[in-house]
Amino acid sequence: MIDGPDDITAAWLTTALRATTPDAHVRSVEVEQIGTGQTGASFRLHLDADPLRSGQLPATLVAKTAAGEREQRERVGPGYRNEVGFYTEFRDRVSIRTPRCWFAEISDDNCSFVLLLDDLAPARPGVQVDGCAVDQAADAVRNLAGLHAPVWNDPKLSGRGDWLSTMTGPRAEFLGTVTQSAAEVFIERYAEELGDDAATLRRAAALTAQWGMIDTGVLTLVHGDYRLDNLMFPDDGDGANADDGAGVFAVDWQTLVVARPGRDLGYFLATSLQVDDRSTHQDALVAEYVDELHRLGVTDFTVEQCTVEYRLGVLQAPMITMIGAAYATAERSATADAMFLAMATRASAALRDLDSFALVEAS
């Protein structure tokens with residue numbers, strides 16, 4: 001187990017990479033920090049590998065490790081475990097485009113971990129404030145179906161209760177309490193900018209526990225934070241040519257749960273598209289997602305059922321947004337404020353447009 005960039009040596013990499021490339025031999029490595037993750041650290045590794053023994057190795061990899069003090073790591077340790085668990089237990093079972101994992105390890109206390117992943121450069125993450133184009137959204141929802149379909153209502157999902165949470169019962173009640181507390185912090189902080197959206201967010205928070213208990217008959221593996229900042233788009237920004245492997249990739253699996261698929265779909269569409277684009281194109285995008293589910297073998301799920309899932313799923317957006325803002329460990333910044341406000345105001349508009357509250361209250 002390593003615990004930061006100083007431990008990433010050529011000798012360590014050689015040993016780690018031999019788990020997947022038995023003849024790997026790294027002669028030297030240059031470590032470059034990338035990103036500003038709040039709960040972990042990421043580094044680009046420039047490898048000098050023996051080409052005769054390591055022909056399958058790429059020139060660069062990305063390493064992800066834990067970061068911060070012990071107390072902080074204990075709080076986010078379950079997230080570390082989720083991400084390692086996704087790459088070691090689910091990545092090869094699902095069809096979503098996500099980086100190849102070359103090595104994964106986590107400590108028994110979940111406070112230290114390391115992942116060696118494909119470097120997706122020159123792909124770039126989406127920008128939450130800017131939103132995305134409709135063709136990019138279509139690519140993203142097709143990719144999302146690739147996560148959900150292979151484990152759709154799979155009874156084996158419940159067999160990983162030691163680390164993989166199912167968002168029902170007491171867990172829903174707990175999230176309802178946390179969301180209401182976060183809502184008060186969020187609304188007080190951004191009251192001037194939110195205006196009438198504040199009432200929508202309060203109502204969403206008040207209904208979160210009841211919403212979390214709804215059973216639509218479908219459970220699957222859910223990313224939990226499927227938004228633009230966690231999606232890597234081709235350098236040209238075009239998601240239309242995904243069939244050739246050049247489409248969007250999903251990263252950051254620390255919020256992995258078993259839940260209703262609409263949580264991912266509603267959260268993504270509500271927060272990632274400008275309001276007018278979402279309103280105009282949401283029906284077509286829901287149908288695009290369902291078509292991809294059908295192509296992947298989920299044949300007993302209709303567009304009508306998915307529309308209900310989508311309308312309910314939008315409540316994921318205010319929950320994640322307000323909790324993220326209220327309990328973020330990073331120093332507050334204008335960039336973060338703009339991101340949280342964009343997500344909250346778009347989600348509020350979607351909740352009203354789709355009459356999501358009526359669905360929850362009728363459940």
Closest approach of [X] and [Y], non-hydrogen atoms and distance?
X    : Y    : result
P58  : W102 : CD-CZ2, 3.5 Å
A123 : M232 : O-CE, 3.2 Å
V129 : Q274 : O-NE2, 3.9 Å
I2   : S112 : O-CB, 4.4 Å
V84  : A104 : CG1-CB, 4.2 Å
G224 : D264 : N-OD1, 2.9 Å

Check ion pair [X]-[Y] (N to O, under 4.0 angstrom):
X    : Y    : value
D154 : K156 : no
R346 : D353 : no
D139 : R97  : yes
D109 : R70  : yes

When rounded to the nearest 0.5 angstrom, what distance separates [atom1] in [X] from [atom2] in [Y]?
X    : Y    : atom1 : atom2 : result
W163 : N110 : CH2   : CG    : 11.0 Å
L115 : L61  : CG    : CG    : 11.5 Å
L269 : S279 : CG    : OG    : 12.0 Å
L285 : L265 : CG    : CG    : 8.5 Å
M213 : E173 : CE    : CD    : 5.5 Å
R81  : D108 : CZ    : CG    : 10.0 Å

Determine, using ring centers only, whether W152 and F301 are less than 6.0 Å apart.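 Yes, close enough.
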Going by atom types alone, do [X] and [Y] pair a side-chain donor with an acceptor below 3.5 Å?
X    : Y    : result
R171 : S165 : no
N230 : W253 : no
T255 : D225 : no
Y289 : H148 : yes

Would [X] end up clustered with [Y] when hydrophobic side chains under 4.5 Å apart are linked, directly or stepwise?
X    : Y    : result
F268 : V303 : yes
L201 : V275 : no
I214 : V308 : yes
V185 : I187 : no
Y310 : V257 : yes

Side-chain donor or acceptor of [X] paired with backbone N/O of [Y] under 3.5 Å:
X    : Y    : answer
T65  : D3   : no
T321 : A317 : yes
R227 : M343 : no
R332 : D337 : no
D119 : H46  : no
E105 : M1   : no
S42  : I34  : no
S158 : P155 : yes
R91  : F86  : no
Q136 : A133 : yes

Check against side chain to side chain contact (heavy atoms under 4.5 Å, CB included), F90 and I96: CA-CA 10 Å; F90 288 109; I96 192 168; over 6 Å; no
Considering only heavy atoms from C-beta outward, does the side chain of [X] approach that of [Y] to under 4.5 Å?
X    : Y    : answer
L116 : L13  : yes
R295 : D291 : no
L341 : L194 : yes
N143 : Y226 : yes
R352 : T200 : yes
F43  : E32  : no
Y87  : P99  : yes
T335 : M339 : no

Taking salt bridge (Lys or Arg N to Asp or Glu O under 4.0 Å) as the definition, give me every residue that meets it alongside R263, ordered by chain and number, with sequence neighbours left out.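 Scan of R263 (salt bridge (Lys or Arg N to Asp or Glu O under 4.0 Å), adjacent residues dropped) gives none.
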Heavy-atom count around D162 CG within 6.0 Å, excluding the residue itself: above 12?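 More than 12 within 6.0 Å, yes.
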Does OH belonging to Y327 count more than 12 external heavy atoms closer than 6.0 Å?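 Result for OH/Y327: enclosed.
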Is there a side chain to side chain contact (heavy atoms under 4.5 Å, CB included) between V360 and L312? Walk through the geometry before answering. CA-CA 7 Å; V360 176; L312 287 170; 3.9 Å; yes
Only counting residues at least two apart or in another chain, list the ones meeting ring-ring contact (aromatic ring centres under 6.0 Å, His included) with F103.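 With sequence neighbours excluded, F103 shows a ring-ring contact (aromatic ring centres under 6.0 Å, His included) to W12, given in chain and number order.
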Could you walk me through whether T88 and C101 pass side chain to side chain contact (heavy atoms under 4.5 Å, CB included), step by step? CA-CA 8 Å; T88 56; C101 182; 5.7 Å; no
Please step through side chain to side chain contact (heavy atoms under 4.5 Å, CB included) for the pair I323 and F186, ending with a clear verdict. CA-CA 8 Å; I323 290 175; F186 189 89; over 6 Å; no
With sequence neighbours left out, which residue pairs that include part of residues 201-218 fulfil the side chain to side chain donor-acceptor pair (under 3.5 Å) condition?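 As it turns out, the side chain to side chain donor-acceptor pair (under 3.5 Å) pairs with a partner in residues 201-218, which skip direct neighbours, are E184-R202, R203-E361, T216-E309.
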